[in-house]
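Following: one structure in structure tokens, then a few remarks.
Values reported hereafter were calculated over all heavy atoms of this structure, with side chains retained and with hydrogens, waters and symmetry mates removed. The first residue in the sequence is number 1, and the count goes up from there.
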Amino acid sequence: MAQALLDIDLSALVANWRALAAMARAEAGAVVKADAYGLGVVPVSKALAEAGARRFFVALAEEGAALRTALGDGIEINVFSGHMEGDAALIRDAALTPMINSAEQWARHRAALPHHPFGIQLDSGMNRLGIEPADWAALRDAALAAGPALVMSHLACADEPDHAMNATQLSAFRAMTDGIDAPRSLAATGGTLLGEDYHFDVIRPGIGVYGGAPYAQARAVVALHVPVIQTRTVLPGETVGYGNTWRAERPTRVATISAGYADGLIRAMGPQASFRSDDTPCKVLGRISMDLIGVDVSDCAEPPQQLTLLDSRQGVDRLADWAGTIGYEILTSLGARYDRRYHG
Ligand SMILES: *Cc1c(COP(=O)(O)O)cnc(C)c1O
């Protein structure tokens, strides 16, 4: 079988969520947008619900509806994109709570679903999503009178604890919300790690639950093992792969493995990337192809049957460094061709 194996450790995922939850006196929700960061929203959210998560965050109403079908009643589903044109039936039928992001969304929501729950997303300085302070001043009385389920904002620089933006956004959020009755939420993973000033009533971790930075103590959640299809010896002067970008200087055992950039093994990682066979590092040789990668297995005592790219010793942030990106992009790029196995 040439299919690579993506192993997802749900007990590590639950342990990460519990550890983040234990850092705050606040309620811990979980962010499961983008198919739970590429790991599979149904198994991931079922595991978290079983562990006690009662509030989930998604980006789109469609994601929320799929989550409702998977988890049934009794959990709160908050939709970051709010109430978009055409969403009313989904929001009503799936009992979703849209986070209202603008005066326009507020008007749309109240016209279409006047008695339906909603939350408020405020912009505290990131300038990405949320009601601006001036618009909030105009809407505030009416919105608060209608009883928002949650009032939230999002931090731009929480992965840099010393960044001055954190305190700036904290005081902007406080200025907009101090004294209100509704529960408040500001912290994702990074904000949770910033400490209790940032926790308010609900924390919203995502990446830390999935084992990524900035939660350095996270347990690894994913492992990726890729089968070797064939092995050959190349002699000094011979090349490997497209464009002849790697040339042997000594006799080299080359394993061709069965995964590539179509599986989310980002081509830009190129020859920085390294697989492992047990404890032996095995460097990528030349360019990553769509479905295949050449790897140097000269140092392996036995010809390996498979090579490991991700596990507890080599995580998504290491791959991200090789590719010049972030762990979030590595996770959400993980392809659909893997044999995905869940355990724990
Ligand atoms: C994605 C997202 C989160 C989760 O962020 P992490 O850094 O993955 O913990 C929380 N809140 C909002 C608004 C988001 O968009």
Using side chain to side chain contact (heavy atoms under 4.5 Å, CB included) as the criterion, point out the one residue from Asp317, Asp321, Val316 that pairs with Ile330.
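When side chain to side chain contact (heavy atoms under 4.5 Å, CB included) is applied between Ile330 and each of Asp317, Asp321, Val316, only Val316 qualifies.
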So, applying side chain to side chain contact (heavy atoms under 4.5 Å, CB included) with Met99, which one of Val79, Leu150, Val151 is it?
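Single pass found, and it is Leu150.
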For [X], I'd like to know if atom [atom1] has over 12 heavy atoms of other residues, nucleotides or ligands within 6.0 Å.
X      : atom1 : value
Gln3   : CD    : yes
Asp278 : CG    : no
Glu104 : CD    : no
Met126 : CE    : yes

Could you tell me the separation between the [atom1] atom of [X] and the [atom2] atom of [Y], rounded to the nearest 0.5 Å?
X      : Y      : atom1 : atom2 : result
Arg313 : Arg276 : CZ    : CZ    : 3.5 Å
Leu96  : Asp87  : CG    : CG    : 8.5 Å
Asp299 : Lys283 : CG    : NZ    : 11.5 Å
Ile293 : Met269 : CD1   : CE    : 6.0 Å
Ile326 : Asp159 : CD1   : CG    : 8.5 Å
Arg184 : Asp181 : CZ    : CG    : 10.5 Å

Check for a donor-acceptor pair, side chain of [X] on one end and backbone N or O of [Y] on the other, with a separation under 3.5 Å.
X      : Y      : result
Gln272 : Trp322 : yes
Ser81  : Ala59  : yes
His109 : His116 : yes
Asp35  : Val41  : yes
Trp106 : Ile100 : no
Glu50  : Ala47  : no
Tyr338 : Asp263 : yes
Ser153 : Leu122 : yes
Gln169 : Ala156 : yes
Arg108 : His83  : yes

Evaluate Leu265 against Leu309 for side-chain contact (heavy atoms from CB on, under 4.5 Å), listing each step before the verdict.
CA-CA 9 Å; Leu265 307 186; Leu309 184 60; 3.5 Å; yes
Run the numbers on Arg287 and Thr245 for side-chain hydrogen bond (donor to acceptor under 3.5 Å, both in side chains), then give the verdict.
CA-CA 7 Å; Arg287 289 193 183 148; Thr245 59; 4.6 Å; no
Between [X] and [Y], is any pair of side-chain heavy atoms under 4.5 Å apart?
X      : Y      : result
Leu334 : Leu39  : yes
Lys33  : Phe80  : yes
Thr239 : Trp246 : no
Asn127 : Glu132 : yes
Pro98  : Gln105 : no
Tyr210 : Asn16  : no
Arg219 : Ser312 : no
Ile8   : Val221 : yes

Test of understanding: clusters of I, L, V, M, F, W, Y form through side-chain heavy atoms closer than 4.5 Å, transitively. Do [X] and [Y] belong to the same one?
X      : Y      : answer
Leu90  : Leu67  : no
Val42  : Trp17  : yes
Leu71  : Tyr342 : yes
Tyr215 : Val222 : yes
Leu6   : Met290 : yes

What are the two closest heavy atoms between [X] and [Y], and how far apart are they?
X      : Y      : answer
Ala65  : Ala94  : CA-CB, 3.8 Å
Val295 : Leu285 : C-CD1, 3.9 Å
Gly190 : Pro214 : CA-CG, 3.9 Å
Ala143 : Phe118 : O-CZ, 3.5 Å
Ala218 : Gly212 : CB-N, 4.4 Å
Ile266 : Ser333 : CD1-OG, 4.3 Å

Residues in side chain to side chain contact (heavy atoms under 4.5 Å, CB included) contact with Arg232, at least two apart in sequence or another chain:
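Gln230, Val234, Val254, Thr256.
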Show the numbers, then the answer: is there a salt bridge (charged side-chain N to carboxylate O under 4.0 Å, His left out) between Arg54 and Glu27?
CA-CA 9 Å; Arg54 285 292 163 268; Glu27 176 190 349; over 6 Å; no
For Phe56, all residues meeting ring pair (Phe, Tyr, Trp, His ring centres under 6.0 Å), sequence neighbours excluded:
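Testing Phe56 for ring pair (Phe, Tyr, Trp, His ring centres under 6.0 Å), a comparison that skips the adjacent residues, returns none.
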Could you please spell out the steps behind the side-chain contact (heavy atoms from CB on, under 4.5 Å) verdict for Val32 and Glu63?
CA-CA 9 Å; Val32 295; Glu63 293 177 329; over 6 Å; no
Would Arg204 and Asn78 satisfy side-chain contact (heavy atoms from CB on, under 4.5 Å), going step by step from the backbone distance to the final call?
CA-CA 11 Å; Arg204 315 184 302 270; Asn78 297 343; over 6 Å; no
Output, in order, the C-alpha distance, side-chain angles, deciding distance and verdict of side-chain contact (heavy atoms from CB on, under 4.5 Å) for Arg253 and Val297.
CA-CA 5 Å; Arg253 285 300 285 168; Val297 294; 3.9 Å; yes
Any chance you could lay out the salt bridge (charged side-chain N to carboxylate O under 4.0 Å, His left out) test for Asp7 and Arg341, step after step, and finish with the verdict?
CA-CA 5 Å; Asp7 179 286; Arg341 296 208 194 146; over 6 Å; no
Side-chain donor-acceptor contact under 3.5 Å, Gln121 with Asn101:
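Judged by distance alone, the side chains do pair up.
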Return yes if a side-chain donor-acceptor contact under 3.5 Å exists between Thr97 and Glu76, otherwise no.
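Glu76 and Thr97 do have a side-chain donor-acceptor pair below 3.5 Å.
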Are the aromatic rings of Phe200 and Phe173 close, with centres under 6.0 Å apart?
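Yes, ring centres under 6.0 Å apart.
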